[in-house]
Amino acid sequence: KQEVTQIPAALSVPEGENLVLNCSFTDSAIYNLQWFRQDPGKGLTSLLLIQSSQREQTSGRLNASLDKSSGRSTLYIAASQPGDSATYLCAAPQGGSEKLVFGKGTKLTVNP
Amino acid sequence: GAGVSQTPSNKVTEKGKYVELRCDPISGHTALYWYRQSLGQGPEFLIYFQGTGAADDSGLPNDRFFAVRPEGSVSTLKIQRTERGDSAVYLCASSPFGGGIYNEQFFGPGTRLTVL
């Protein structure tokens, strides 16, 4: 059974800092992994999809990496801004299925 | 449409009542998913449709929950005899493919269900 863990649960940084969010998963037989952003009271916004054949995926100031062998993914945010404040969720497929298993998220606060 | 839409955005009901939650996926997306999110938790899978058929309903908590997608587009999640523990945000997602490495799921804004 897939289990996804995100560390830390919360993170507060000053504006401009580079930061890393961590995600670990127990079942490495995945074909992709997805990172999402969730603002308070809102739905999920897809940030990045990393395919199993990729090691990294980039979108603007965001870079996600995937290491299947160690069961880890990281989301790197460069030059953080107050508008980046949100909860970031990592999700990996349950083995052999289409259903995503989510971590509890990391709540990020970027202070001006 | 431009994105996944869900109606209503908020639903307050009394214990024991029946509710229906609606999801309109992105046009052309064949796969549709329902998840449920409780406060402080990540979303939990409920059911997945490929076209009109439920390909995986292993996440439905009990037989009070049922979902349909009769024409392979709009889906309705139905909850009978609601209980206070059903209170949560119900999220719908769709994806253009049925699976595989390119299967990116796109989420709607959710329906916040409160059972009094």
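Per chain, numbering begins at 1; letters A, B, ... match sequence-line order.
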Trainee: Grouping I, L, V, M, F, W and Y whenever their side-chain heavy atoms are under 4.5 Å apart, do B/Tyr35 and B/Phe49 come out in a common cluster?
Mentor: no
Trainee: Taking the side chain as everything from C-beta on, heavy atoms only, tell me whether A/Ile50 gets closer than 4.5 Å to A/Glu56.
Mentor: no
Trainee: Counting only heavy atoms closer than 4.5 Å, note whether B/Gln105 contacts chain A via side chain, backbone, both or neither.
Mentor: both
Trainee: Is it true that a side-chain atom of A/Gln38 and a backbone atom of B/Gly42 form a donor plus acceptor pair closer than 3.5 Å?
Mentor: no
Trainee: I need the residue from A/Lys104, A/Lys107, A/Lys42, A/Gln54 with the largest number of non-hydrogen atom pairs under 4.5 Å to chain B.
Mentor: A/Lys104
Trainee: Please classify the contact of A/Leu100 with chain B as side chain, backbone, both or neither, using a heavy-atom distance under 4.5 Å.
Mentor: both
Trainee: Who among B/Gly110, B/Pro43, B/Pro109 has the most heavy-atom pairs with chain A under 4.5 Å?
Mentor: B/Pro43
Trainee: Evaluate whether atom CZ of B/Phe66 has more than 12 neighbouring non-hydrogen atoms of other residues, nucleotides or ligands under 6.0 angstrom away.
Mentor: no
